[in-house]
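Not measured: the values here are computed from a predicted model. Atoms within each ligand, like the ligands themselves, are counted from 1 in listed order. These numbers come from the heavy atoms of this one structure, side chains and all, not from hydrogens, waters or symmetry mates.
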Amino acid sequence: KHKFWETQPVGQFKDIGETNLPEGPIEAPTPLSEVKQEPYNLPSAYEWTTCDMNSEDTCNEVYILLKNNYVEDDENMFRFNYSKEFLRWALHPPGYYTSWHIGVRAKASKKLVAFISGVPARIRVRDEVVKMAEINFLCVHKKLRSKRLAPVLIKEVTRRVHLENIWQAAYTAGVVLPTPITTCQYWHRSLNPKKLIDVGFSRLGARMTMSRTIKLYKLPDAPATPGFRKMELHDVPAVTRLLRNYLSQFIVAPDFDENDVEHWLLPTEDVVDSFLVESPETHEITDFCSFYTLPSSILGNQNYSTLKAAYSYYNVASKTPLLQLMNDALIVAKQKDFDVFNALDVMQNESFLKELKFGPGDGQLHYYVYNYRIRQTLKSSELGLVLL
Ligand code: MYA
Ligand code: JJ1
């Protein structure tokens with residue numbers, strides 16, 4: 001059934017329940033001299049290109065490919081529209097490799113027709129920190145689908161990751177592949193219910209009017225927690241301590257150092273927002289919340305072309321109740337004109353989703369690791385990792 005994935009070092013469906021298999025790498029690393037030195041073959045009309053995202057033109061080509069061909073919901077009403085600034089941020093964390101930003105062009109026109117990317121990350125699985133690649137933005141142009149190009153892209157990024165002596169990877173997908181380490185549910189909190197209903201993102205509930213719905217989702221004008229403010233550069237050490245301590249309770253989570261926190265969590269306009277609570281008395285940093293900006297194109301609506309969505313990222317509540325902290329996150333997201341606030345049921349998110357009027361979406365997100373066996377499927381609340 002999975003002609004490609006059956007050949008790869010990933011958990012296979014037939015092994016589910018085989019609790020005796022050891023946790024850890026499925027295949028041992030090979031000497032670097034044994035890693036294939038040449039790129040995999042593409043159909044003869046296509047060629048490999050390495051995408052330098054610092055180049056305005058290249059970044060624009062990747063942006064346009066994804067804008068027109070990336071992930072849609074199951075009814076093809078919305079398509080992710082990652083901004084250029086977001087893509088540059090997502091692909092340039094500390095220690096990134098330009099060689100892992102891989103495109104395919106049509107030889108004749110030089111048009112970019114496919115893409116896949118990786119970035120390096122240290123991911124902790126129970127008590128082991130594993131160097132991995134996070135694979136994202138796999139995309140094949142709509143006109144080139146179902147020609148088995150995706151396996152070639154995946155093999156090529158695998159080869160280039162191996163050349164850097166890295167042998168594991170983490171990735172997410174909306175489709176079921178062999179085999180998820182966990183499956184997460186998307187939840188949505190309406191901030192602009194009228195627009196969400198007008199574009200078909202949500203529906204008027206039974207026995208609900210528009211004005212009752214607007215009232216239901218109303219939020220205060222300003223955050224409630226004293227000392228709630230935007231994160232700044234000088235907060236990086238304190239946020240790193242808070243976050244490392246918090247993430248230590250999850251079975252799979254990133255091993256963030258200060259450089260990672262500066263890159264991934266320091267606010268970047270229209271890309272990532274982070275807030276914290278600084279105790280007005282002690283000036284201690286006690287709580288933290290963050291979300292990233294990922295708009296979706298609205299396909300075929302007369303009145304609107306973009307849905308502005310915030311996605312919950314990493315949140316830590318050590319003094320403020322998590323419910324109150326996330327309510328403040330909703331308030332600042334509303335102030336910033338987001339239409340919807342999305343979250344997965346990872347970490348402790350279940351504790352606030354229903355009370356803060358999130359509703360379950362029709363999408364799920366499956367998490368995977370490549371070449372690393374995890375003994376049992378995790379609960380989504382045991383996962384401390386959010387990929388973009
Ligand atoms: S997830 C986002 C993926 N992108 C989209 O959904 C955008 C819209 N769709 C497309 O662009 C195409 O439909 C894609 C497939 C490119 C997805 N992950 O070429 P094909 C398998 C992995 O004929 P197409 C993200 O970015 C499928 O099961 N495999 O199909 C993370 C089949 O294999 P098998 C997938 O539809 C990506 C084969 O591809 C996915 O033209 C992580 C068919 O190929 C998917 N999302 O193209 C990648 N969808 O027969 C893995 C389909 O075996 C990274 N397939 O079932 C692994 C780690 C690598 C690094 C390792 C380092 C050590
Ligand atoms: O956004 C999603 N679903 C929305 C829109 C559904 C439109 C019709 N299909 C949804 N809306 C309901 C909201 C409602 C608000 C009031 C309270 C009740 C709920 O459910 C879904 C997630 O739910 N998104 C997708 O399907 C996009 C793809 C998700 C897989 C992503 C794979 C990414 C790979 C990255 O590497």
Side-chain angles (χ1 to χ4, degrees), residues 1-10 25 27 29 65-66 68-80 82 90 100 113-118 120 131-178 184-191 193 196-197 199-205 213 216-217 294 296 298-299 307 309 311 339-344 353-354 357-372 387-388:
K1 213 176 142 269
H2 290 286
K3 272 288 158 241
F4 170 66
W5 281 109
E6 281 170 6
T7 69
Q8 298 298 299
V10 294
E27 286 179 357
L65 173 73
L66 297 179
N68 294 327
N69 301 278
Y70 200 50
V71 175
E72 301 179 5
D73 68 293
D74 63 353
E75 291 167 285
N76 313 103
M77 296 172 69
F78 305 97
R79 190 186 306 124
F80 287 154
Y82 288 90
W100 294 5
V113 297
F115 186 73
I116 191 168
S117 68
K131 283 178 106 181
M132 295 198 195
E134 291 176 350
I135 307 298
N136 203 347
F137 307 118
L138 167 61
C139 185
V140 168
H141 193 287
K142 287 182 180 239
K143 295 202 163 152
L144 296 176
R145 296 277 169 89
S146 307
K147 298 177 184 299
R148 312 298 301 183
L149 214 51
V152 186
L153 285 156
I154 294 166
K155 285 188 276 184
E156 182 60 15
V157 76
T158 301
R159 188 184 73 80
R160 295 189 194 192
V161 170
H162 286 167
L163 285 172
E164 303 300 339
N165 201 20
I166 294 176
W167 304 87
Q168 272 74 35
Y171 51 102
T172 57
V175 294
V176 178
L177 303 166
C184 299
Q185 176 69 49
Y186 278 101
W187 290 71
H188 307 281
R189 199 327 180 154
S190 301
L191 301 175
L196 294 182
I197 290 167
V199 303
F201 186 90
S202 67
R203 297 193 207 163
L204 261 191
T213 304
L216 174 67
Y217 291 116
L294 168 49
S296 282
I298 303 170
L299 308 174
L307 187 73
Y311 285 73
D339 298 315
V340 63
F341 192 102
N342 298 336
L344 295 165
L353 291 169
K354 284 181 180 161
K357 301 172 185 162
F358 287 72
D362 61 5
Q364 291 191 328
L365 188 64
H366 308 280
Y367 276 74
Y368 302 92
V369 294
Y370 184 92
N371 192 25
Y372 200 93
L387 299 180
L388 305 169

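- Looking only at distances, a side-chain donor or acceptor of Tyr368 sits under 3.5 Å from a matching main-chain atom of Leu177.
- The side chain to side chain donor-acceptor pair (under 3.5 Å) check on Trp5 picks up nothing, with sequence neighbours excluded.
- Thr172 contributes no side-chain N or O that, together with a main-chain N or O of Tyr367, makes up a donor-acceptor pair within less than 3.5 Å.
- Screening residues 134-155 for salt bridge (charged side-chain N to carboxylate O under 4.0 Å, His left out) gives Glu72-Lys142 as the qualifying pairs, with residues at least two apart or on separate chains.
- Around ligand 1, the residues contributing at least one heavy atom under 4.0 Å from the ligand are His2, Lys3, Phe4, Trp5, Asn69, Tyr70, Val71, Ile135, Asn136, Phe137, Leu138, Cys139, Val140, Arg145, Ser146, Lys147, Arg148, Leu149, Ala150, Pro151, Ile154, Thr158, Val161, His162, Trp167, Gln168, Ala169, Tyr171, Thr172, Ala173, Leu177, Tyr370.
- A distance of 6.0 Å or more separates the ring centres of Tyr171 and Tyr370.
- The main-chain N or O of Asp74 is never found under 3.5 Å from a side-chain atom of Asp362 such that the two would form a donor-acceptor pair.
- Side-chain atoms of Asn371 come within 3.5 Å of backbone N or O of Trp167 as a donor-acceptor pair.
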For ligand 2, output the ligand-protein N/O contacts shorter than 3.5 angstrom; if there are none, return none.
unit_1	atom_1	unit_2	atom_2	d
ligand 2	3 (N)	Asp362	OD1	2.9
ligand 2	9 (N)	Asp73	OD2	2.7
ligand 2	9 (N)	Asp74	OD1	2.9
ligand 2	9 (N)	Glu75	OE1	2.7
ligand 2	9 (N)	Asp362	OD2	2.7
ligand 2	11 (N)	Phe201	O	2.8
ligand 2	20 (O)	Asp362	N	3.0
ligand 2	20 (O)	Asp362	OD1	3.4
ligand 2	23 (O)	His188	NE2	2.8
ligand 2	23 (O)	Asp362	N	3.3
ligand 2	23 (O)	Gly363	N	3.0
ligand 2	36 (O)	Asn136	OD1	3.2
ligand 2	36 (O)	Thr172	O	3.3
ligand 2	36 (O)	Thr172	OG1	3.1

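- The pair Arg160-Glu156 meets the salt-bridge criterion, with a side-chain N (NZ, NE, NH1 or NH2) lying under 4.0 Å from an Asp/Glu carboxylate O.
- Paired with Leu299 under the rule side-chain contact (heavy atoms from CB on, under 4.5 Å), one option of Met77, Arg79, Glu75 passes, and it is Arg79.
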